[in-house]
Amino acid sequence: MKINFFDRSRVPLLEKEMDLFTARNKAIANNIANIATPGYKTVEVSFKNELSNAIANSANAVDLSEKVDQIAPTVQTDNSGSLASGANNVNIDQQMADLAKNQLQFKLAARLMTDELGLIDKSINGV
């Protein structure tokens, strides 16, 4: 097993979170784009449970890095009935709220990644 320097940091976890937030953002954008498409069903990207399980079942940072690397988003289709519009089940208010929440989560992960890489840089190059 080859151990990468970054495997001992939060970089792999933050990188995976950012990838998953990007996948969720694409799904939400697709839902919004199809708001007027008859018969379209809302899709959702979920990964919180898989990520929580990987964190809880990891013995150390290297183990966590390996488990996180194997996580893939779960795409689920909401097969519930149509809304009052009758065209499909896309609730624009819910999608916009989900988009805003997802963007905030991505920005937080990006900020944490910046901080983590800054700490690594300081440890290598000094103050």
Donor on one side chain, acceptor on other, Gln94 and Asp98, under 3.5 Å: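 Their side chains do contain a donor-acceptor pair, which is all the 3.5 Å distance test asks for.
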Quick check for you: to the nearest 0.5 Å, what is the distance between [X] atom [atom1] and [Y] atom [atom2]?
{"X": "Ile28", "Y": "Leu99", "atom1": "CD1", "atom2": "CG", "result": "5.5 Å"}
{"X": "Asn102", "Y": "Gln95", "atom1": "CG", "atom2": "CD", "result": "11.0 Å"}
{"X": "Arg24", "Y": "Phe106", "atom1": "CZ", "atom2": "CZ", "result": "13.0 Å"}
{"X": "Gln76", "Y": "Thr42", "atom1": "CD", "atom2": "OG1", "result": "12.5 Å"}
{"X": "Gln105", "Y": "Asn25", "atom1": "CD", "atom2": "CG", "result": "11.0 Å"}
{"X": "Met18", "Y": "Leu108", "atom1": "CE", "atom2": "CG", "result": "10.5 Å"}

Verify the cluster assignment for [X] and [Y]: are they in a single hydrophobic cluster under the rule of side-chain heavy atoms below 4.5 Å apart?
{"X": "Met96", "Y": "Leu104", "value": "no"}
{"X": "Ile124", "Y": "Leu117", "value": "yes"}
{"X": "Val43", "Y": "Ile92", "value": "yes"}

Contact summary for Lys41 and Asn89, nearest pair of heavy atoms: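 Reported closest heavy-atom pair: CA-OD1, 3.4 Å.
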Counterpart residues, salt bridge (Lys or Arg N to Asp or Glu O under 4.0 Å), relative to Asp19 (two or more places apart):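 Residues passing salt bridge (Lys or Arg N to Asp or Glu O under 4.0 Å) with Asp19: none at all.
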The criterion is side-chain contact (heavy atoms from CB on, under 4.5 Å); which residues satisfy it with [X], sequence neighbours excluded?
{"X": "Asp115", "answer": "Arg111"}
{"X": "Asn34", "answer": "Asn30, Thr37, Tyr40"}
{"X": "Ala23", "answer": "Val45, Pro73"}

Contact check, side chains of Leu112 and Glu116, non-hydrogen atoms, under 4.5 Å: no
Expected output: side-chain Asn88 to main-chain Ile35 donor-acceptor under 3.5 Å: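 Yes, the answer is positive, given that a donor and an acceptor are paired below the 3.5 Å cut-off.
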Pairing residues for Thr22 by the side chain to side chain donor-acceptor pair (under 3.5 Å) criterion, not counting sequence neighbours: none
Thr77: side chain to side chain donor-acceptor pair (under 3.5 Å) partners, not counting sequence neighbours: none
